[in-house]
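Okay, structure first, notes after.
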Amino acid sequence: MTRTRSSRKAAPPAAPQPAAGEPLQLLTPSGEVTDPARLPDPETQRRLYRLMRRARHFDERAWVLYRTGRMGVFPPYGGMEASQVGTAAALTHDDWLFPTYRDTGAALTYGLPIPQTIAYWRTSPHGWAMPEHLKILPFYIPIATQYPHAVGAALAEARRGTPNVAMAFIGDGGSSEGDFHEALNFAGALNAPCVFILQNNGWAISVPTRAQTRAQDLSRRADGYGIPGVRVDGNDVLATYVVTREAVERARRGEGPTLIETVTYRVKPHTVADDPSRYRSANDTAGWDEKDPVRRLQAFLLAQGHLTEAEDAALIREVEAEFEAALAEADAYPEPTPAEIVDHVFAEPTPALRQQRAELLAEEGQ
């Protein structure tokens with residue numbers, strides 16, 4: 001039975017969590033639970049842990065592949081796994097995902113196949129077209145353009161009467177772009193079922209957050225557009241998941257958009273070709289290793305008896321084997337032809353694209 005969405009003319013209700021002060025935490029770095037009643041069930045905790053392990057392994061192997069000439073320039077996200085997994089895990093495949101170039105972990109969590117993800121970061125056409133069964137857009141390289149696009153997709157779902165939502169990612173630097181503000185106003189005015197994820201990882205390339213904006217609580221930017229803003233510890237996957245799930249459910253009920261600021265840190269360089277020592281010191285990154293999201297949840301699960309050492313070791317072997325099988329599949333993709341560069345631009349090629357493709361084929365002697 002198809003669910004219908006309630007009216008979008010009413011003003012959005014109050015935020016599910018006030019946006020003020022310290023980010024919401026459910027699991028502190030020391031393993032203390034701040035609000036047991038809000039914790040997801042143990043099965044969900046284990047699922048989030050597996051997804052973070054899987055995302056981290058991809059990030060680590062991507063470095064190796066790049067250094068051995070088997071991967072193109074890749075934007076690492078190590079240390080941000082909770083921010084990406086905890087948000088994307090709240091979606092279903094009926095929902096939309098609009099990732100930035102740094103959100104490979106979110107895309108993998110959503111369901112983007114590993115072989116295709118490897119191909120994408122190899123700049124191979126085999127990675128350009130997203131799977132037809134997934135409502136995911138290619139990784140956005142321009143800053144903030146994905147936000148208005150997500151609002152459009154969300155409004156399209158609303159007009160069709162579905163309960164589906166759109167989730168879009170952005171960084172702290174991107175939240176100073178015009179498209180960011182236009183999208184929030186657009187979504188708020190039309191009560192779009194959007195969940196906006198603002199990953200505050202401390203840096204806009206080589207510019208620290210404190211230098212690119214005077215704002216200290218970026219979730220408060222939602223106030224100007226009359227929508228809820230939530231601030232959460234982006235290294236706490238349990239809190240991130242719970243807050244995002246509440247925002248997704250709120251959007252499904254027809255109660256409008258939410259902006260979620262996940263406070264995390266980009267411990268890795270901007271890309272694998274970057275040298276962060278040129279613009280930040282050891283003092284800048286001090287203390288973030290102790291807040292590692294993967295180890296935080298691992299220690300909690302082991303302490304609670306929801307995971308054993310043997311199960312953890314088996315999980316890591318499973319993740320490693322999955323990646324190696326995916327890498328072998330990606331390595332087996334046929335070499336792309338020059339004409340393929342125009343094959344994934346539009347669903348129906350324009351006359352100009354047809355002409356360009358014919359010229360490329362002629363140059364190849366086909």
Side-chain angles (χ1 to χ4, degrees), residues 26-29 31 33 39-66 71 74-91 97 99 102-118 121 169 197 199 201 232-242 244-245 262 264-268 272 288-330:
L26 294 182
L27 182 64
T28 68
V33 176
L39 287 181
D41 60 79
E43 181 179 353
T44 300
Q45 295 172 19
R46 288 191 296 269
R47 179 170 73 94
L48 293 172
Y49 177 64
R50 184 188 186 282
L51 290 168
M52 284 202 297
R53 275 291 183 194
R54 191 169 177 263
R56 172 156 295 185
H57 188 71
F58 186 100
D59 187 75
E60 292 172 343
R61 290 290 283 126
W63 278 84
V64 176
L65 293 175
Y66 169 75
M71 181 84 86
F74 174 76
Y77 53 85
M80 297 174 60
E81 291 88 355
S83 178
Q84 298 193 17
V85 168
T87 49
L91 299 177
L97 185 71
R102 198 177 302 283
D103 300 317
T104 300
L108 293 171
T109 298
Y110 180 74
L112 189 64
I114 295 177
Q116 188 167 354
T117 310
I118 294 172
W121 290 114
F169 288 77
I197 307 299
Q199 296 188 100
N201 67 16
V232 65
D233 179 355
N235 281 31
D236 176 3
V237 72
L238 302 183
T240 301
Y241 172 77
V242 167
T244 307
R245 183 185 61 193
T262 62
T264 180
Y265 196 78
R266 198 194 81 209
V267 295
K268 298 290 183 69
V272 289
W288 282 99
D289 189 56
E290 290 75 18
K291 299 176 182 178
D292 181 274
V294 178
R295 291 200 300 269
R296 185 188 303 195
L297 185 57
Q298 177 195 40
F300 174 74
L301 292 176
L302 290 171
Q304 295 296 311
H306 299 326
L307 181 74
T308 67
E309 295 282 0
E311 289 171 338
D312 192 27
L315 169 60
I316 293 172
R317 290 193 299 270
E318 176 189 337
V319 167
E320 291 172 347
E322 179 191 25
F323 184 89
E324 293 309 313
L327 178 60
E329 182 178 336

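- For the pair Leu39 and Leu238, the tightest heavy-atom approach, listed with the atom from each and the gap, is CD2-CD1, 3.7 Å.
- Between the OG1 atom of Thr28 and the CZ atom of Arg296 there is a distance of 7.0 Å, given to the nearest 0.5 Å.
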*Take Tyr77 and Asn201 through the test side-chain hydrogen bond (donor to acceptor under 3.5 Å, both in side chains) and record every step on the way to the result.*
CA-CA 10 Å; Tyr77 53 85; Asn201 67 16; over 6 Å; no

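- In terms of heavy-atom proximity, Phe169 sits nearest to Ser83 at CE2-O, 4.4 Å.
- Closest heavy-atom contact between Asp59 and Pro76: OD1-CA, 3.2 Å.
- Residues satisfying the ring-ring contact (aromatic ring centres under 6.0 Å, His included) test with Phe300, not counting sequence neighbours, are none.
- A donor-acceptor pair is defined here as one N or O able to donate and one able to accept, closer than 3.5 Å; no such pair exists between the side chain of Arg56 and the backbone of Glu81.
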*Output, in order, the C-alpha distance, side-chain angles, deciding distance and verdict of side-chain contact (heavy atoms from CB on, under 4.5 Å) for Leu97 and Asp103.*
CA-CA 10 Å; Leu97 185 71; Asp103 300 317; over 6 Å; no

*Determine, step by step, whether Asp289 and Arg295 satisfy the side-chain contact (heavy atoms from CB on, under 4.5 Å) criterion, reporting the C-alpha distance in whole Å, the side-chain angles of both residues, the deciding distance to 0.1 Å, and the verdict.*
CA-CA 10 Å; Asp289 189 56; Arg295 291 200 300 269; 3.1 Å; yes

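- How far CE of Met52 is from CZ of Arg54: 14.0 Å, rounded to the nearest 0.5 Å.
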*Step-by-step side-chain contact (heavy atoms from CB on, under 4.5 Å) determination, Thr87 to Gln199*: CA-CA 10 Å; Thr87 49; Gln199 296 188 100; 6.0 Å; no

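- Between Arg266 and Arg102 the shortest side-chain heavy-atom distance falls below 4.5 Å.
- We find the CD1-OG1 distance between Ile114 and Thr117 to be 7.0 Å, quoted to the nearest 0.5 Å.
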*asked:* Under the criterion side-chain contact (heavy atoms from CB on, under 4.5 Å), I'd like the reasoning laid out for Phe74 against Thr104: C-alpha separation, chi angles, the key distance, then a yes or no.
replied: CA-CA 10 Å; Phe74 174 76; Thr104 300; 3.7 Å; yes

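- To the nearest 0.5 Å, atoms CG (Asp233) and OG1 (Thr262) are separated by 9.5 Å.
- In this view, Tyr241 satisfies the ring-ring contact (aromatic ring centres under 6.0 Å, His included) rule with no residue, not counting sequence neighbours.
- Among residues two or more places apart in sequence or in another chain, the side chain to side chain donor-acceptor pair (under 3.5 Å) test is passed with Arg50 by Glu318.
- When the options Ile316, Leu108, Val319 are evaluated for a side-chain contact (heavy atoms from CB on, under 4.5 Å) with His57, the one that passes is Val319.
- Between Thr109 and Gln84 the shortest side-chain heavy-atom distance does not fall below 4.5 Å.
- Going from atom CZ of Arg61 over to atom CE of Met71 covers 9.0 Å, rounded to the nearest 0.5 Å.
- The line from CD of Gln45 to CG of Leu307 is 10.5 Å long, rounded to the nearest 0.5 Å.
- No side-chain N or O of Tyr265 forms a donor-acceptor pair with one of Asn235 less than 3.5 Å apart.
- Leu26 is not listed as a side-chain neighbour of Val33, based on a closest heavy-atom distance of 4.5 Å or more.
- Two residues are said to be in side-chain contact when any heavy atoms from C-beta on lie closer than 4.5 Å; Pro29 and Trp288 fail this criterion.
- Looking at Arg53 and Gln298, their side chains come closer than 4.5 Å, going by heavy atoms from C-beta outward.
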